[in-house]
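For reference, positions follow the sequence shown, starting with 1. Side-chain atoms are counted along with the backbone in the values below, which use heavy atoms only and exclude waters and symmetry mates.
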Amino acid sequence: QVQLVESGGGSVQAGGSLRISCAVSGYIYSVNCMGWFRQDPGNEREGVAAIYTTNGSTYYADSVKGRFTISQDNAKNTVYLQMNSLKPEDTAVYYCAAGWIGPENLALKGDEYAFWGQGTQVTVSS
């Protein structure tokens, strides 16, 4: 089992920045990829960013490319999502996920992930 705990969400004005964190514990060697997903009421869950923990390869949704950065701190077993130039449409609950992901084209597919955090709210006001 892998446990994930998100933190760092909050409210910010459009154009601002936030960094959210995901603390990972448990049998971390059972996963090779960490992802960030988001969902707001009325919309489907969206894969935002992913990082392969083995080689650091990263993947981003087109909607956040150039604005968001996913990173990992192996010493702290923590994954981060730095969000810059935030827009109101970025408002959502952001979830951290962990899984063993094979093909890279599945890295932003939520159904491929086995473990999920409880989510943290990010609200961007105009």
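A 4.5 Å side-chain heavy-atom check between Gln3 and Val24 finds every atom pair outside the cut-off. Taking the side chain as every heavy atom from C-beta outward, Ile20 and Val122 approach each other to under 4.5 Å. Considering only heavy atoms from C-beta on, Tyr59 stays 4.5 Å or farther from Ile70 through its side chain. The side-chain heavy atoms of Trp36 and Ile51, taken from C-beta on, include no pair separated by under 4.5 Å. In this structure the side chain of Ile101 reaches within 4.5 angstrom of the side chain of Asn32, judged on heavy atoms. Counting only heavy atoms from C-beta outward, the side chains of Gln121 and Thr91 approach each other to under 4.5 Å. Counting only heavy atoms from C-beta outward, the side chains of Ser21 and Glu6 never approach each other to under 4.5 Å.
Among Val124, Thr123, Leu81, Leu86, the one residue that satisfies the side-chain contact (heavy atoms from CB on, under 4.5 Å) test with Leu18 is Leu86.
Taking CD1 from Ile28 and OG1 from Thr53, the interatomic distance works out to 8.0 Å, rounded to the nearest 0.5 Å. For the atom pair Thr58 OG1 and Gln72 CD, the distance stands at 10.0 Å (nearest 0.5 Å). Here the CD atom belonging to Glu112 is positioned 10.0 Å from the SG atom belonging to Cys33, to the nearest 0.5 angstrom.
Within 6.0 Å of CD in Gln13 there are 12 or fewer heavy atoms belonging to other residues, nucleotides or ligands.
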Derivation and outcome, side-chain contact (heavy atoms from CB on, under 4.5 Å), residues Cys22 and Met34: CA-CA 9 Å; Cys22 175; Met34 300 292 300; 4.1 Å; yes
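Nearest heavy-atom pair across Val2 and Ser30 is CG2-OG, 3.6 Å. Closest of all the heavy-atom pairs between Ala50 and Ala107 is CB-O, 3.5 Å.
Remark: the Asn84 side chain and the Ser17 side chain contain an N/O donor-acceptor pair separated by less than 3.5 Å.
Residues Val79 and Leu108 do not share a hydrophobic cluster, defined by chaining ILVMFWY side chains whose heavy atoms lie under 4.5 Å apart.
Identified under the side-chain hydrogen bond (donor to acceptor under 3.5 Å, both in side chains) test for residues 40-51, with sequence neighbours left out: Arg38-Glu46, Asp40-Asn43, Arg45-Asp111, Glu46-Ser63. Among pairs with a residue in residues 72-115, those fulfilling ring pair (Phe, Tyr, Trp, His ring centres under 6.0 Å) read Phe37-Tyr113, at least two apart in sequence or across chains.
Classification of Lys65 and Asp62 as a salt-bridged pair holds, one side-chain N sitting under 4.0 Å from a carboxylate O.
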